[in-house]
Amino acid sequence: MSIKGNTDTLTNTVTNSSTTSDDDLETALDSRLSSESSSTSSSPNTTINKINDISPISTGTTTPSLLPSIVNEFLGEINDDHLNQQSDLLLHDFNEALQENSKITMLPNYNINPSGNEFGQFLVIDLGGSTLRIAIIKIDKPTDHDEADRSKRIHILNEKSWIIENNFKTIDNNFFKFIASKIAEIIKDDEEFSNCHIIKTGISWSFPLKTTNYNNGKIVHVSKGYTISDEIYNKDLKTILESVLKSEFNLLIDVKIILNDSLAVYAAGSFMDKFMKLALVLGTGTNMCCSLNKKDSDLMHDDKKLGTQDKVLFNTELSLFGQSIIKQFTNKYDGLIDSRFNQVIDLHFKTFMTVDPISKTIFQPLELTTSGRYLPELTRLVLCDLINAKEIFTRLSCQDLAHILHASYDGITGKLICFINETEDLQDIKLKLHEIYQWDIDLITTNDILNLKTIIETILTRGAFIISISVIAFIKLIQLHNPEEFQSLLDQKVINIGYVGSVLHHFNHYRHLIKQFINDNTEIKQFGLKVDFKLIENSSVIGPAIGAAYYS
C-alpha cells in the first residue's frame with residue numbers, strides 16, 4: 001500500500017479561496033461525493049480512500065498556493081515501506097531502553113495477568129491531574145459458563161469525585177487527610193465495608209513512584225502543578241495512606257496494588273479480554289503498556305527484571321520515543337512546538353534514555369506529534385501561515401482572527417477540530433465557527449471550510465501514521481520477547497488493544513485511520529493478524545480493582 005500517491009492527489013486538489021464561488025464548490029462537492037459513493041461500494045475502503053474523502057475540490061485554478069506544500073510536508077514521506085522501517089527502528093529503541101536500563105522509559109512494574117477467577121469488593125482511589133475519584137467496585141465470582149467478555153461481572157457500586165484546585169496541589173499530610181475524609185464519606189454509606197475489618201484497596205496514581213513492591217512506592221516525582229512537601233518526600237504511599245485512615249477515622253485499609261493510568265488500562269482490559277495484550281493511552285498525552293517475559297532473557301537488564309514472576313509489566317513512557325521520526329516526518333510547525341525538532345541532523349542525546357543534558361528537560365517526539373494537547377496547536381500554527389498568506393478566511397478581519405493568530409494552545413480546541421473532522425455537513429461547521437468565534441457566517445466560504453478540513457485531516461493522518469508505527473513496533477516486541485504468546489495470537493488471528501483517552505475515544509476517524517494503517521501493513525498481513533481497538537471505560541477505577549483482586 002502506498003499513501004504517497006494519494007498525498008499527490010490531496011496536494012493537487014487544494015483550492016484557492018479567492019477564485020471560486022461557493023455554488024461551484026457545492027456542485028463539485030456533490031459530484032465528488034456521488035462518485036466516491038459508487039466507487040467505494042464496489043471496492044473495499046483503504047487508508048488512501050479515507051484521505052481522499054475529505055480532500056477539497058479541484059477547480060482548475062493555477063494560482064500558486066501554500067497549502068499543497070504544507071500537505072506534502074506532513075504527508076510526503078508516508079508510505080508502507082516507511083511504516084516497516086520506522087517500526088523496526090522503534091523496536092530497536094525499545095530493546096536498547098530495556099538492555100541499557102533506561103531510567104525514564106520501559107519502567108518495570110510487578111506483573112498483572114488476570115486468570116478470570118478474580119472476584120471481591122474493593123475500595124479504589126484514583127488521583128488524576130485535577131480530580132480525586134473514589135469508588136467501590138464489586139467483581140462477581142465466575143460461573144461455570146463464564147463468558148469471554150467478563151465486563152458484565154464488574155459493577156461500580158458507588159463513586160464520587162472532587163476537583164483538586166490549583167491552590168491545594170501540595171502533597172503533604174493535610175492532602176492525605178483530605179483523601180482519607182473522602183474515603184470515610186464513601187465507606188459510611190456501604191454496609192459491607194462498614195462491617196469489614198480490613199478493606200482491600202487499589203490505587204491509581206498519576207505520578208511516577210519509586211516502586212519497591214507491587215503495592216509500595218515512594219513519592220519522589222510529581223507534575224501537573226503539584227509539589228511534594230518535605231514531610232512526604234520519599235515516603236511510601238501505602239504506609240502514609242493506611243496510617244492516616246487509621247489515626248483519623250479508625251479505618252483499616254490494605255493497599256493491594258498501586259498502578260498508573262496505562263497499567264490500569266492493561267489490568268482492566270486483560271481481565272475483560274484474553275486477546276488484549278497492549279494498552280494505549282491517547283488523550284492529552286500518549287503512553288502504552290505491555291507485559292514481557294523476563295525468564296532467561298538476555299534482552300533485558302537485570303534491574304528491569306522486577307519481582308519473582310516470569311513476566312514484567314512495563315510502563316513504557318512511549319511519549320519519549322520516536323527520535324527516528326524527526327528526520328523523516330516532522331517539519332517547521334513541530335519546531336515551533338519544540339525547537340529540538342529542528343535538529344534533524346544530530347540530536348545531542350537519546351530522548352528515550354535520558355533528559356536533555358543542556359535544558360535538563362525531557363523531549364517527547366512521539367507525544368508532540370500525536371496527542372490531544374498538540375494536534376490543535378499544530379492546526380493553529382498552519383492556519384496562522386495560511387491566514388497571513390491570504391489563503392483562508394480572507395473575508396474575515398484581523399480582529400475576527402486575532403484569537404486564532406495569537407492564542408497559543410487555545411486558539412483552536414481539540415473539541416473543535418474533532419467536530420470539524422467528524423462532520424460532513426459544511427453548513428454545520430460554519431455554524432459552529434460562528435458560535436465559537438462570533439464570525440459572520442456569510443463571511444465564511446465553503447472553500448474556507450474545505451481547506452480547514454484538509455489541514456486537520458493532514459495533521460491527523462500523520463499522527464495516525466506515527467501511532468501505527470508504535471503499535472506495529474510493540475507487536476514485534478511481543479513476537480521477540482513472548483514467542484509462545486505471539487503464536488497463540490497468530491492462531492487466533494487477532495490482537496486487541498485496550499485504550500482510554502479523549503482523543504482516541506472521540507476522534508473516530510483518527511482511530512479508524514490508525515487501525516487501517518496497521519491492518520493494511522504488509523508485515524501485519526504476513527503475520528495473518530488483525531488489530532482492533534476496545535475502549536476500556538472507567539479503567540482508572542476498574543484496573544486497580546482487578547489488580548487488587550489479582551494480588552489478593
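Keep in mind that this is a model prediction, so the values were computed, not measured.
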Seminar exercise, completed: Correct closest heavy-atom pair for Trp205 and Ile258 would be CB-CG2, 4.2 Å
Exercise. Hey, is the main chain of Ile412 close enough, under 3.5 Å, to the side chain of Arg380 for a donor-acceptor pair?
Worked result: no
Exercise. Do you know which two heavy atoms are closest between Ile257 and Pro544, and how far apart they sit?
Worked result: CG2-O, 3.3 Å
Exercise. Does any non-hydrogen side-chain atom of Asn213 lie less than 4.5 Å from one of Tyr551?
Worked result: no
Exercise. Going by distance alone, is a donor N or O of one side chain under 3.5 Å from an acceptor N or O of the other, for Asn111 and Gln309?
Worked result: no
Exercise. Heavy-atom distance under 4.5 Å between the side chains of Ile337 and Leu378, does that happen here?
Worked result: yes
Exercise. Is it the case that more than 12 heavy atoms not belonging to Lys138 sit under 6.0 Å from its NZ atom?
Worked result: no
Exercise. Can Ser540 and Asp126 be counted as having a side-chain donor-acceptor contact under 3.5 angstrom?
Worked result: yes
For this session: Using atom types as modelled and distance alone, determine if a side-chain donor or acceptor of Ser204 lies under 3.5 Å from a backbone N or O of Asn260.
Result: no
For this session: For ring pair (Phe, Tyr, Trp, His ring centres under 6.0 Å), just list the numbers for Phe341 and Tyr333, CA-CA rounded to whole Å, side-chain angles, deciding distance to a tenth of an Å, and then say yes or no.
Result: CA-CA 9 Å; Phe341 277 116; Tyr333 300 104; over 10 Å; no
For this session: Kindly check if the number of other-residue, nucleotide or ligand heavy atoms within 6.0 Å of OH (Tyr409) is above 12?
Result: yes
Exercise. Salt-bridged, Asp236 to Lys238, with N to O below 4.0 Å?
Worked result: no
For this session: Flag the pair Glu118 and Arg150 as a salt bridge only when some basic side-chain nitrogen lies within less than 4.0 angstrom of an acidic carboxylate oxygen.
Result: no
Problem set entry | Steps toward side chain to side chain contact (heavy atoms under 4.5 Å, CB included) verdict (Asn287, Thr316) | CA-CA 7 Å; Asn287 198 8; Thr316 67; 3.5 Å; yes
For this session: Determine whether more than 12 heavy atoms belonging to other residues, nucleotides or ligands lie under 6.0 Å from atom NZ of Lys182.
Result: yes
For this session: Supply the atom-to-atom distance Ile154 CD1 to Asn538 CG, rounded to the nearest 0.5 angstrom.
Result: 10.0 Å
For this session: List the steps and the verdict of side chain to side chain contact (heavy atoms under 4.5 Å, CB included) for Asn421 and Glu457.
Result: CA-CA 7 Å; Asn421 188 245; Glu457 174 74 356; 3.3 Å; yes
Exercise. Crowded around Asp491 CG? As in, over 12 foreign heavy atoms under 6.0 Å?
Worked result: yes
Problem set entry | Parallel, tilted or perpendicular, as decided by the 30° and 60° cut-offs, for the rings of Phe175 and Phe168 | tilted
Problem set entry | Leu416 CG to Ile436 CD1 distance, which is reported to the nearest 0.5 Å | 4.0 Å
For this session: Mark yes or no for whether Glu367, through its side chain, and Gly285, through its backbone, hold a donor-acceptor pair below 3.5 Å.
Result: no
Exercise. Should we count NE2 of His403 as having more than 12 external heavy atoms under 6.0 Å?
Worked result: yes
Exercise. With a 4.5 Å heavy-atom cut-off, do Ile112 and Tyr214 have their side chains touching?
Worked result: no
For this session: Report yes if some heavy atom in the side chain of Asn293 is under 4.5 Å from a heavy atom in the side chain of Lys295; otherwise report no.
Result: no
Exercise. Just checking, any donor-acceptor pair under 3.5 angstrom between side chains of Asn315 and Asn109?
Worked result: no
For this session: Search all heavy atoms of Ala97 against all heavy atoms of Phe352 and return the closest pair with its distance.
Result: CB-CD1, 4.2 Å
Seminar exercise, completed: Closest non-hydrogen atoms of Phe507 and Gly414, given as atom of the first, atom of the second and distance, are CZ-O, 3.3 Å
Exercise. Going from OG on Ser470 to CG on Leu477, what distance comes out if it is rounded to the nearest 0.5 angstrom?
Worked result: 12.0 Å
Problem set entry | Asn519 (side chain) donor-acceptor with Val531 (main chain) under 3.5 angstrom | yes
Problem set entry | Main-chain N/O of Ser130 paired with Lys169 side-chain donor or acceptor, under 3.5 Å | no
Exercise. Hey, are the side chains of Ser539 and Tyr499 touching, using non-hydrogen atoms and a 4.5 Å cut-off?
Worked result: no
Exercise. Is there a side-chain contact between Tyr510 and Thr370, using heavy atoms and a 4.5 Å cut-off?
Worked result: yes
Exercise. Is there a donor-acceptor pair under 3.5 Å between the side chain of Thr351 and the backbone N or O of Leu320?
Worked result: yes
Exercise. Hey, is the main chain of His509 close enough, under 3.5 Å, to the side chain of Glu422 for a donor-acceptor pair?
Worked result: yes
For this session: Starting from the C-alpha separation in whole Å, work towards a yes-or-no answer on side chain to side chain contact (heavy atoms under 4.5 Å, CB included) for Val312 and Lys304.
Result: CA-CA 8 Å; Val312 179; Lys304 299 287 187 184; over 6 Å; no
Problem set entry | Stepwise side chain to side chain contact (heavy atoms under 4.5 Å, CB included) test for Ile232 and Asn173 | CA-CA 7 Å; Ile232 295 298; Asn173 282 330; 3.5 Å; yes
Problem set entry | Value rounded to 0.5 Å, distance of CD1 in Ile469 from CD1 in Ile514 | 11.5 Å
For this session: For Lys274, look at atom NZ and say whether over 12 heavy atoms of other residues, nucleotides or ligands are found less than 6.0 Å away.
Result: no
Exercise. Below 4.0 angstrom, N of the basic side chain to O of the carboxylate: do Glu485 and Lys311 qualify?
Worked result: yes
Exercise. What's the spacing between Ile524 CD1 and Ile475 CD1 if we round to 0.5 Å?
Worked result: 4.0 Å
Exercise. With ring centroids as reference points, do Phe474 and Phe94 lie under 6.0 angstrom apart?
Worked result: yes
For this session: Indicate the atoms forming the closest heavy-atom contact of Asp254 with Glu242, along with that distance.
Result: CA-OE2, 3.5 Å
For this session: Indicate yes or no: at least one non-hydrogen side-chain atom of Phe275 is less than 4.5 angstrom from one of Ile495.
Result: no
Problem set entry | Any donor-acceptor N or O pair under 3.5 Å, side chains His505, Glu537 | no
Problem set entry | Spacing of OH belonging to Tyr226 relative to OG1 belonging to Thr170, to within rounding of 0.5 Å | 10.0 Å
Exercise. When you measure from the side chain of Arg153 to the backbone N and O of Gly116, does any donor-acceptor pair fall under 3.5 Å?
Worked result: yes
Exercise. Where do Phe122 and Ser552 come nearest, in terms of heavy atoms and distance?
Worked result: CE2-OG, 3.9 Å
Exercise. Checking Lys493 side chain against Lys530 main chain: does a donor-acceptor pair fall under 3.5 Å?
Worked result: no
Exercise. Any donor and acceptor pair, going by atom type alone, linking the side chain of Asn95 with main-chain N or O of Leu91 inside 3.5 Å?
Worked result: yes
Exercise. Does a sphere of radius 6.0 Å around NZ in Lys160 hold more than 12 heavy atoms from other residues, nucleotides or ligands, not counting ones at 6.0 Å or beyond?
Worked result: yes
Exercise. Do Ile459 and Thr369 come close enough that some side-chain heavy atom pair is under 4.5 Å?
Worked result: no
